[in-house]
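So the structure is just underneath, and the comments pick up after that.
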Amino acid sequence: MGVLGDAWTWLTTGANWSGESGVWHRLGEHLYVSGVALAVACAIALPIALWLGHIGRGGAIAVNVSNVGRAVPVFAVLALFMVGPLRNSGYLPTIVALVLFAVPPLLTNAYLGMTEVDRSVKEAARGMGMSGRQLFLKVELPLAYPLLMTGLRSASVQVVATATIAAMVGQGGLGRIITAGFNTYDTAQVVAGALLVAVLALLVEGALVLADRLCSPLRGQRERSGRAGWAERSGRSGRAVHDNV
C-alpha cells in the first residue's frame with residue numbers, strides 16, 4: 001500500500017486513539033502547551049506593540065529585540081533550559097521556548113498595523129475632539145486589526161507546528177507519536193504523527209480565519225458599505241429603466 005496507506009491504516013486503528021499514549025491524550029497535551037504558550041506570548045507582545053504604535057516611539061527597538069527569538073533555534077533554547085534549573089519544571093521549559101518563538105510575529109505585525117494607520121485619519125479624529133483613548137479604541141485598533149490577526153495566525157501555526165519539540169525532551173504532545181515511531185522503526189506511525197500535526201495546524205489556521213471574518217471590527221462597516229453600494233446601483237438601474245420607458 002505504500003507509506004501513506006500504512007499511515008492511514010495506523011490512523012484508522014481505534015487502539016491508537018485511546019489510552020495515555022493514544023492520539024486523543026497526546027492531542028490534549030499538544031493543545032495545552034500550544035494554547036498556554038500563545039496566550040502568554042499575546043499577553044506580552046500585544047500590549048507592548050499596541051502602546052508603542054500608539055505613541056509612535058520605541059517600536060523599532062522593540063521589534064529588533066524581539067526578532068532575536070527568530071534567530072535562535074527553539075530546540076537550542078529548550079536544550080539550554082533542560083540542562084538548567086528548569087529541567088524538572090514539567091512543560092515550563094517548552095512553554096518558555098515557544099513564547100520566545102511566538103513573540104516576534106505578534107509584536108511586529110501589531111506594531112506595523114498601528115504605525116500604518118493613515119496620519120490624516122488620526123488628525124481628523126483628533127479634530128473631532130476624540131481623546132487618546134477614543135482614538136486608540138475607535139480608529140487605530142480597528143484599522144490595525146487585519147495586520148494584528150495576520151500576526152496571530154502566523155504565531156499560532158508556528159507554535160502548533162513547533163510544539164512537537166516537547167517530545168524531544170520526554171514531554172507530551174503529538175510529537176510523542178513521531179518519536180515513538182522512530183524508536184520502534186515504525187515509519188507509518190512517524191508519518192501518521194506528522195499528518196496529525198499538519199492537520200491540526202491547518203485547522204487552527206482555518207478557525208482563526210473564520211473568527212477574523214466573523215469578529216472583525218470592520219465587518220459591519222463593510223456590510224453597510226455593501227448595502228449602500230447595492231442600493232445606489234439599484235437606484236441607478238431603476239432610473240435607467242424609467243428613462244427608457
Side-chain angles (χ1 to χ4, degrees), residues 31-74 77 92 94-126 128 130-163 165 200-223 225:
L31 290 175
Y32 168 76
V33 173
S34 302
V36 172
L38 188 62
V40 173
C42 287
I44 294 173
L46 295 184
I48 295 175
L50 295 176
W51 172 248
L52 293 178
H54 175 67
I55 64 176
R57 294 192 300 270
I61 297 176
V63 169
N64 290 331
V65 171
S66 72
N67 282 335
V68 173
R70 290 181 175 177
V72 180
V74 178
V77 175
L92 182 59
T94 302
I95 291 173
V96 173
L98 291 175
V99 167
L100 294 176
F101 189 58
V103 163
L106 288 168
L107 193 149
T108 301
N109 282 274
Y111 176 74
L112 290 177
M114 292 291 291
T115 56
E116 288 186 2
V117 176
D118 195 330
R119 182 179 297 273
S120 62
V121 174
K122 293 190 286 187
E123 292 298 331
R126 291 191 181 96
M128 294 171 60
M130 283 190 178
S131 63
R133 179 183 177 86
Q134 290 174 323
L135 174 66
F136 172 75
L137 294 175
K138 296 183 179 181
V139 178
E140 292 177 327
L141 188 57
L143 292 176
Y145 180 82
L147 267 178
L148 190 152
M149 284 300 298
T150 298
L152 179 60
R153 291 198 304 270
S154 176
S156 299
V157 172
Q158 290 177 10
V159 166
V160 168
T162 311
I165 64 169
L200 179 60
L202 291 174
L203 289 175
V204 169
E205 171 78 9
L208 289 174
V209 169
L210 181 61
D212 183 16
R213 292 181 178 178
L214 294 177
C215 304
S216 173
L218 300 178
R219 182 186 178 206
Q221 180 179 348
R222 288 196 297 264
E223 290 178 349
S225 298

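- In terms of heavy atoms, F136 sits closest to P142 at O-CD, 4.1 Å.
- A distance-only check finds no donor-acceptor pair linking the side chain of T108 to the backbone of P105 [under 3.5 Å].
- To the nearest 0.5 Å, atoms CD1 (I44) and CG (L107) are separated by 10.5 Å.
- Note that CG of N109 and CG of L46 are 10.0 Å apart. Values are rounded to the nearest 0.5 Å.
- In this structure, the side chains of C42 and L106 come closer than 4.5 Å at one or more pairs of heavy atoms.
- Side-chain atoms of Q134 come within 3.5 Å of backbone N or O of S131 as a donor-acceptor pair.
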Show the numbers, then the answer: is there a side chain to side chain contact (heavy atoms under 4.5 Å, CB included) between L31 and L200? CA-CA 9 Å; L31 290 175; L200 179 60; 3.9 Å; yes
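- Residues L152 and S156 share a closest heavy-atom pair of O-OG, 2.7 Å.
- Nearest heavy atom pair, residue A49 against residue A110, reads CB-CB, 3.6 Å.
- Interatomic distance, NZ of K138 versus CE of M128, reported as 9.0 Å (0.5 Å rounding).
- Paired with M114 under the rule side-chain contact (heavy atoms from CB on, under 4.5 Å), one option of L52, L148, L50, L147 passes, and it is L50.
- Considering all non-hydrogen atoms of both residues, A102 and A41 come closest at CB-CB, 3.7 Å.
- Between M130 and R126 the shortest side-chain heavy-atom distance does not fall below 4.5 Å.
- Among L137, L135, L141, the single residue meeting the side-chain contact (heavy atoms from CB on, under 4.5 Å) criterion with V139 is L135.
- Side-chain contact between D212 and L208 is absent, with no heavy atoms from C-beta onward closer than 4.5 Å.
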